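Single-structure report; data block below.
As the structure is a computational prediction, the values presented were derived from the model and not from experiment. Starting from 1, each residue takes its place in the sequence as its number.
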Amino acid sequence: MAQYVLEILDGDRAGEVVPIADRALRFGRKPGNDIVLADEKTSGVHAEIVPEGDRFVLRDLGSTNGTFLDDRKVTELVLTPGDTFVIGRLRVRFRAEGETAPAAGLDPALQVKTLDASRLRAARGGRSVGLLAGLLVVALGVAGYLFWQQGKAGAGGEGGVVANQGPTAPQTVAGNKLAGETGACESDAGWNLQFAGSGFATDGRAHSGSGSLAASRATRQSGTAPDFAVAISKDPIQVMAGRALTIAAQVRTEGQAQVAVRVVAFPSAENSPFRFRSGTRLQAADGWTRVQAQVVVPPGCDRCTVELVALLSADGAVALVDDVALVDGGDGKPVQHTLEESSQTLLGNAAALAIRSTDPEQPVTLLAVEPAPTPAQQALADAGLLALSDLGASVTATPTTKSFQLQVTGVDGFVLVFPAESAGSLLTRQDAGFAASPSTGAFTAAQALLGEGGTRCLCTLPAPTACIGRVGGGRYRLQLTGASCELTTGFKAERQAARDLLEEAQRAAQAARPGEALAVIARLHATVPHDSEVLAGASGLRGELQAAAAERLRRLSQDLDEAMFFRTRGGFERVVAGIGELVVTYGEDGLEDKAMVTSLRQSASEQLAAIDGQRSDEIRAQLDKMAAAFEQSSQAGLAAMVRDYAARRLGAQQGGK
């Protein structure tokens, strides 16, 4: 197995080369990381590289500013030697040990090394030119032989792959933004074939020319191979927002495989999180088939890349792609709506939407709308690489003053993708109002409120609906049943109502009416928790009031301990009275530690009962002695009077007499 290293290209460690061992390497700003990067844009624990068999996988660990490869934010991908990824603001190159970056598109074994002609002339005189030509012929001959051998291996090697050349020379398309071999797919030039999943590879079967790009799931990898593959064009392509593009390719599948080609549009702004995926439908193709789709570049986007996507649902599945073309032209309009009340903007196209907030520190309210995945699509969805266009689905948005009405067609369910931090404040509306809800797993809700500050968003469904929440890869995915929802980001009336309630609670607290203040805060949480800043203020006030109640409970607990030690009736009476006063002051629902309240009241009451019982026994014993003395002195009437008094005032004697 080749040995690989990481070369740090920027920062105070620029030029440093770190060997990659057979264990995970973590990057981050904190000292505990394997590779510590002194950069304020780097998170404490930012990313890691993990060996998986003979591959090395780069994973972002939920960093704030993201991990990038070729200007694309990634959550997980298989590294290819020569890849340069960016952590924070620092570049790191993954390469083989002792190797410099090879010429683009060439296998290092097939490269012709540079010869110093002047040294040859000095050594051989006039024969130097002939010797140089001879060496070049030999080198090219060896390269051709190796290429032919690779073709033979493809024809008769494992998996039964049969190489065949297309009927024509590589196709060229006028205006193709994927120039030369990149569009012709004659080699891996211009492609990151191992972008995600099992990746693509060069292949001898072709629609035209002598090669194509193929994704396969071989039988020998059963149970371990990923069931999807994604390749992506390396260099961002300059495009214009609002313009239509046509993406087309020749595709072919074998076994249980499906394939699609997509355009991924995005802004060139540094660290922009928005990615708009749309293209052809995932489909099988028995024989070479031309597929195409028209894609509109969303507002704000000025760059794009091309993705090749394959689903490989069973052993032996193969997907081939050849002659990829991306040209200007097509139908469709971009989507852009700005809400009057919140100034948030929904943008995208017919198959991809996102909502941009007005907060520069938190620019995203909604990252994407995705289809609910089938079991065969789950791994692709988990990687964040499933698009509505993969299922031939589309989405429309109708704006109101304060919300966007979304309608998805072509699927039975869809997924709203939010930043991962949105899940931390998830509230769902129940019969009694809004209440905190687990953000992951299955739950039922008609409304879900999530996000913070400028990204606060209320998702309203037509009826109580089964939902599934998942967090991973820096994303929170909320899967919904049905085909529509309303996303509200304008909360002008709710925010004013929440501020009014908070002021009411503050006045009650200042007037020493903590129970009333806590009741108002509870009403705020249940009815208008739409302003996260007001909600934080109300939660802080509630914490102060409950801390004061907890301190009073602590002192009453100490009083009970002292009363237990001295066995004084007055001590237990003070505890019972103190608990009663606390409940009246704060209310039963305003006391956080209800178990402690019940325990203290019960313990003090039991001790009072025990003291009273002991005192009754002592008085009864004295009265019994008095009655017995009257009987001995033959004063039966007085004895009967004493016993009657004891029975009426003290009850029947224990044990009976």
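- No side-chain heavy atom of P419 sits less than 4.5 Å from a side-chain heavy atom of T455.
- Salt-bridge check for E592 with R552: failed, with every basic side-chain N at 4.0 Å or more from each acidic carboxylate O.
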Margin query: For a side chain to side chain contact (heavy atoms under 4.5 Å, CB included) check, start with the C-alpha distance between V534 and L524, then their side-chain angles and the critical distance, and finish with the verdict.
Written below: CA-CA 9 Å; V534 173; L524 187 159; 4.2 Å; yes
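- In terms of heavy-atom proximity, L545 sits nearest to A517 at CD1-CB, 3.7 Å.
- For the pair L426 and L449, the minimum side-chain heavy-atom distance is 4.5 Å or more.
- Between D559 and R574 there is no side-chain heavy-atom pair separated by less than 4.5 Å.
- Residues L480 and C459 share a closest heavy-atom pair of CD1-SG, 4.0 Å.
- Looking at E452 and S425, their side chains do bring a donor and an acceptor atom within 3.5 Å of each other.
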Checking side-chain hydrogen bond (donor to acceptor under 3.5 Å, both in side chains) for the pair Q362/S357: CA distance, chi angles, key distance, verdict? CA-CA 7 Å; Q362 296 176 301; S357 80; over 6 Å; no
* Asked: Can E76 and R55 be said to form a salt bridge (charged side-chain N to carboxylate O under 4.0 Å, His left out), step by step?
  -> CA-CA 13 Å; E76 181 173 325; R55 310 183 309 171; over 6 Å; no
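- For the atom pair CD1 of I20 and CG of D34, the computed distance is 11.5 Å after rounding to the nearest 0.5 Å.
- Between the side chains of S342 and T489, at least one donor N or O lies within less than 3.5 Å of an accepting N or O.
- In this structure, R89 pairs ionically with D39, as a charged nitrogen and a carboxylate oxygen lie closer than 4.0 Å.
- Residues passing the side chain to side chain contact (heavy atoms under 4.5 Å, CB included) test with V86 are F68, R91, sequence neighbours excluded.
- Summarising the geometry of T365 relative to F418, their closest heavy-atom pair is O-CD2, 3.0 Å, with the distance given to 0.1 Å.
- To the nearest 0.5 Å, atoms CG (L416) and OG (S422) are separated by 11.0 Å.
- Not a single side chain to side chain contact (heavy atoms under 4.5 Å, CB included) links D412 to another residue, sequence neighbours left out.
- Between the side chain of Y476 and the main chain of S439, a donor-acceptor pair closer than 3.5 Å is present.
- With contacts defined as side-chain heavy-atom distances shorter than 4.5 Å, the pair P371/F414 does not qualify.
- Under a 3.5 Å cut-off, the side chain of S557 and the backbone N or O of L553 do not form any donor-acceptor pair.
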Please report the C-alpha distance between V583 and V597 in whole Å, then the side-chain angles of each, then the deciding distance to 0.1 Å, and finally whether the side chain to side chain contact (heavy atoms under 4.5 Å, CB included) criterion is met.
-> CA-CA 8 Å; V583 170; V597 171; 4.1 Å; yes
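- For S63 (side chain) and L61 (main-chain N/O), no donor-acceptor pair under 3.5 Å exists by modelled atom type.
- Partners of E340 by side chain to side chain contact (heavy atoms under 4.5 Å, CB included), not counting sequence neighbours, listed by chain and number: T401.
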* To do: Test side-chain hydrogen bond (donor to acceptor under 3.5 Å, both in side chains) on Q407 and T396 and set out the steps.
  => CA-CA 5 Å; Q407 181 71 40; T396 58; over 6 Å; no
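- At a threshold of 4.5 Å between non-hydrogen side-chain atoms, the residues V57 and I49 do not count as touching.
- Contact of the Q430 side chain with the T428 side chain is registered, since non-hydrogen atoms from C-beta on lie closer than 4.5 Å.
- Smallest separation of non-hydrogen atoms from V471 and A423: CG2-CB, 4.1 Å.
- Contact check for V74 versus F85: no side-chain heavy atoms found under the 4.5 Å cut-off.
- Judged as a side-chain hydrogen bond (donor to acceptor under 3.5 Å, both in side chains), the pairs with a partner in residues 490-502 (not counting sequence neighbours) are, in order, K402-E494, R495-D531, Q496-R499, Q496-D500.
- Counted by atom type alone, T338 and T345 present one or more donor-acceptor pairs between their side chains at under 3.5 Å.
- Proximity of a side-chain donor or acceptor of T585 to a complementary backbone N or O of E581 within less than 3.5 Å is detected.
- With 3.5 Å as the limit, one finds a donor-acceptor pair spanning the side chains of E606 and Q602.
- Within the 3.5 Å criterion, the main-chain N or O of S272 finds a donor-acceptor partner in the side chain of R275.
- Sorted by first and then second residue, the pairs that involve residues 519-574 and meet ring pair (Phe, Tyr, Trp, His ring centres under 6.0 Å), not counting sequence neighbours, are F434-H530, F491-H530.
- F404 and Q344 get closest at one heavy-atom pair: CZ-O, 3.8 Å.
- The main-chain N or O of G451 is found under 3.5 Å from a side-chain atom of R456 such that the two form a donor-acceptor pair.
- Residues L406 and L487 meet the side-chain proximity criterion, which asks for heavy atoms closer than 4.5 Å.
- Taken to the nearest 0.5 Å, the CD atom of E370 stands 9.5 Å off from the CG atom of D390.
- Of the options T67, T75, N65, a side-chain hydrogen bond (donor to acceptor under 3.5 Å, both in side chains) to D60 is made by T67 and by none of the others.
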Check: Given L388 and V369, is the side chain to side chain contact (heavy atoms under 4.5 Å, CB included) satisfied, shown in steps?
Finding: CA-CA 8 Å; L388 285 171; V369 180; 4.2 Å; yes
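- Taking CD1 of I35 as the start and CD of E48 as the end, the distance is 12.0 Å to the nearest 0.5 Å.
- Rounding to the nearest 0.5 angstrom, the gap separating the NZ atom in K41 from the NE2 atom in H46 is 11.5 Å.
- Ion pairing between a basic and an acidic side chain is recognised when a charged N comes within 4.0 Å of a carboxylate O; D589 and K594 show such pairing.
- The distance from the OG atom of S343 to the CZ atom of R356 is 11.5 Å, given to the nearest 0.5 Å.
- Residues in residues 503-518 take part in these salt bridge (charged side-chain N to carboxylate O under 4.0 Å, His left out) pairs, two or more places apart or across chains: E504-R523, R513-E516.
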If you apply the rule side chain to side chain contact (heavy atoms under 4.5 Å, CB included), what do you find for L25 with R23, and how did you get there? CA-CA 7 Å; L25 285 178; R23 64 179 182 85; 4.2 Å; yes
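- No more than 12 heavy atoms of other residues, nucleotides or ligands shown are found within 6.0 angstrom of CD on E361.
- Contact detail for G472 and R477: the closest heavy-atom pair is O-NH1, 4.1 Å.
- Counting non-hydrogen atoms of other residues, nucleotides and ligands closer than 6.0 Å to CD of E533 gives a total of 12 or fewer.
- The main-chain N or O of G490 is never found under 3.5 Å from a side-chain atom of T488 such that the two would form a donor-acceptor pair.
- Under a 3.5 Å cut-off, the side chain of D644 and the backbone N or O of M641 do not form any donor-acceptor pair.
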